Amino acid sequence: MIEASNPRVAGHSATFDLPVEFDQIVCLQFYYHMFGTDIGTLTVRMNPKVSSPILLWSLSENQGNEWHKARVTVNPENTGSTIRFYGTRGNGYRGDIAVDDISVSTGSCPVFFSCDFGK
């Protein structure tokens, strides 16, 4: 979790590293909460040992006062990598970012389609 209140300033960050102990395609699933007018960005990256970080998922700004589910299919570059959750504070003090219930399962993530024809 990253708390936006004092003593934090714009650009401050919090990270959480998840060791990658698999050599096959997996589904990374987690819940996130990003609420407040001054929310920054939540980013998930693969950090391989031998190459540059790979962006897996990213979202910015207020997402409402509720938990949302995210799923990302991950194809690890090599064993010994890490998946890094990286939250950054926005320009003000009103907002928090949290991540919870992280899980990894074998195989690709299920694909869900949404339709907003009625809007």
Side-chain angles (χ1 to χ4, degrees):
M1 177 181 174
I2 183 164
E3 163 68 43
S5 301
N6 191 20
R8 304 288 177 251
V9 296
H12 270 191
S13 64
T15 61
F16 173 77
D17 288 340
L18 179 67
V20 176
E21 301 294 336
F22 43 84
D23 58 0
Q24 59 186 323
I25 293 175
V26 297
C27 179
L28 170 68
Q29 178 177 289
F30 59 95
Y31 289 83
Y32 63 92
H33 191 277
M34 299 172 68
F35 179 63
T37 56
D38 299 319
I39 287 296
T41 302
L42 176 61
T43 302
V44 181
R45 291 189 179 105
M46 170 71 76
N47 291 326
K49 286 197 310 189
V50 295
S51 63
S52 299
I54 300 163
L55 179 65
L56 299 175
W57 184 93
S58 184
L59 192 62
S60 298
E61 301 180 354
N62 184 11
Q63 301 300 310
N65 191 14
E66 59 189 73
W67 287 92
H68 302 275
K69 182 188 291 188
R71 290 186 180 107
V72 182
T73 298
V74 181
N75 188 3
E77 293 293 304
N78 58 5
T79 302
S81 300
T82 58
I83 295 174
R84 173 166 285 178
F85 290 81
Y86 187 82
T88 56
R89 182 188 185 269
N91 290 325
Y93 65 89
R94 292 175 298 256
D96 301 309
I97 298 174
V99 174
D100 196 11
D101 200 17
I102 301 167
S103 65
V104 177
S105 57
T106 57
S108 297
C109 297
V111 177
F112 294 96
F113 296 98
S114 63
C115 176
D116 59 359
F117 290 112
K119 291 185 177 183

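None of these values were measured; they are calculated from a predicted model.
- Tyr31 is linked by a side chain to side chain contact (heavy atoms under 4.5 Å, CB included) to Gln29, Trp67, Lys69, Asp101, counting only residues two or more places apart in sequence or in another chain.
- For the pair Ile83 and Asn47, the minimum side-chain heavy-atom distance is 4.5 Å or more.
- A cation-pi geometry, defined here as NZ or CZ lying under 6.0 Å from the six-membered ring centre and within 45° of its normal, holds between Arg45 and Tyr86.
- Annotation: the span from Asp96 atom CG to Ile39 atom CD1 amounts to 6.5 Å, rounded to 0.5 Å.
- Partners of Arg71 under the salt bridge (Lys or Arg N to Asp or Glu O under 4.0 Å) rule, at least two apart in sequence or in another chain, do not exist in this structure.
- Side-chain rings of Trp57 and Phe85 stay apart, their centers remaining 6.0 Å or farther from each other.
- If you check the side chains of His33 and Asn65, you find a donor sitting under 3.5 Å from an acceptor.
- The two residues Thr82 and Pro19 come nearest to each other via the heavy atoms CG2-CA, 4.3 Å.
- For the residue pair Val104 and Leu28, the shortest heavy atom distance occurs at CG2-CD1, 4.0 Å.
- The two residues Tyr32 and Ala70 make their nearest non-hydrogen contact at CE2-CB, 3.8 Å.
- Of all heavy-atom pairs spanning Ser108 and Ile25, the tightest one is OG-CG2, 3.7 Å.
- With contacts defined as side-chain heavy-atom distances shorter than 4.5 Å, the pair Phe30/Asp100 does not qualify.
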